[in-house]
Amino acid sequence: MKTANRLEGIGEYYFSKKLREIEDLNREGKNIISLGIGSPDQAPHPEVIQILNEESSKPNTHAYQSYKGSPVLRKAMASWYKEWYGVDLNPDQEILPLAGSKEGIMHICMTYVNPGDLVLIPNPGYPTYQSAAKLAGAKLVAYELKEENNWLPDFEELKQLVKTKQPGQESVLMFVNYPQMPTGQLPTKKLFEELVAFAKENQVLLVHDNPYSFILNDEPISILQAEGVSDHVIELNSLSKSHNMAGWRVGMMLAKSQHVENVLRFKSNMDSGMFLPVQLAAAKALSLPASWYEGVNKLYRNRKSAVEAMLEGLGCRFSKKQAGLFVWAKVPDSFADGYALSDLLLYKANVFITPGGIFGSAGNKYIRVSLCAPEEKILESFDRIKKAAFIKPKQHV
Ligand SMILES: Cc1ncc(COP(=O)(O)O)c(C=O)c1O
């Protein structure tokens, strides 16, 4: 049966397809090590799981929940923002719990984008910005992030792009994300201030997606800290990475009350609230002390050193200052692009690494290695690569 026009140009998510191929290879006995996806492999804090268990054993926690989330969770989110980012938010009006930041990206597009509206997305960037905006019927325009510009946006280019908005379009939706995925580039307060000022001056509704601020980053910051933040800015955040809760689907939208009300008009027609024990356990996760984040990061720091050694062996070039769950690296000139290196590693060394081109054309010459695999697996990947005779590391260095 023919699918609706809105699905035209929307393919199956890259990882969903690739994981099927990896399963097939494994069925053939290949035992692929995947350093692809950014899904934390560790468990949440034991007390978080304990609350989920206790609450789900109670008879009265199974009903539909409020569309706006439990007040306990909204208060915990407000306290988390106050404690870690120094941002004051009204838990009743300025916070909307979500089933992950990904849900927020889609809902914001459905709430604010009319068919034909210009939406600005980063290249390279998280592919969901593109697919969500496309599903809403947007005219997508990518703004390029370049290594020589430290993967930061070029505001002159952005000003020109905004002018191409659809006649009658009131404001232009723009997605931005720092610490940036896939490049690992950290934000600065100055960058956030420039973005906020740009949004205000150019009728842009800026959506800052902030799920990586606690990963390999000593100073988590929020765009809501920036001077002059107003109703031009929405932030998305998530417990997926910072609290090892990717499968739980807990995220949040932080914005002026009008945005929360508007997005809720759409969201309340899509779902009927989040399972209460999940919300109460998530509230616990948000109250964890600094030692939780230190533990999470200690593990990633060790893995990162192992990944860096492997990338050096491959002759890749990369910055050591990256934050987030990945290492982003430029492939040696001897490979046509990141796809070529990724395929070679998959088929000859049984190691899967993501080609940077799936995040946009500006990522073509890069690969992205995930830190969500045990250190032994990373070391074994490097061994397999060294054993596969096609790579002679020294020649690339
Ligand atoms: C930049 C970015 N935003 C959002 C998400 C999705 O996060 P969540 O699990 O909160 O939906 C990801 C996940 O990989 C991501 O890389």
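Just so you know, ligand 1 is whichever comes first in the structure, and atom 1 is the first atom listed for that ligand. This structure is a prediction, so every number in the text was calculated from the model and none was measured. Count residues from 1 along the sequence. Just so it is clear, the values below take in all heavy atoms, side chains as well, and ignore hydrogens, waters and symmetry mates.
For K82, the salt bridge (charged side-chain N to carboxylate O under 4.0 Å, His left out) criterion is met by D88, not counting sequence neighbours. By the side-chain hydrogen bond (donor to acceptor under 3.5 Å, both in side chains) test, S268 is found to be paired with no residue, residues two or more places apart in sequence or in another chain being considered.
The list of ring-ring contact (aromatic ring centres under 6.0 Å, His included) pairs with a residue in residues 16-47, not counting sequence neighbours, reads H45-W292.
A distance-only check finds no donor-acceptor pair linking the side chain of H243 to the backbone of A282 [under 3.5 Å]. Checked by atom type and distance alone, the side chain of Q65 pairs as donor or acceptor with a backbone atom of A63 at under 3.5 Å.
Every protein residue with a heavy atom nearer than 4.0 Å to ligand 1 is included here: G100, S101, K102, Y126, Y129, N177, M181, D209, P211, Y212, S238, S240, K241, R249.
A salt bridge links R74 with D92: the distance from a Lys NZ or Arg NE/NH1/NH2 to an Asp or Glu carboxylate oxygen falls below 4.0 Å.
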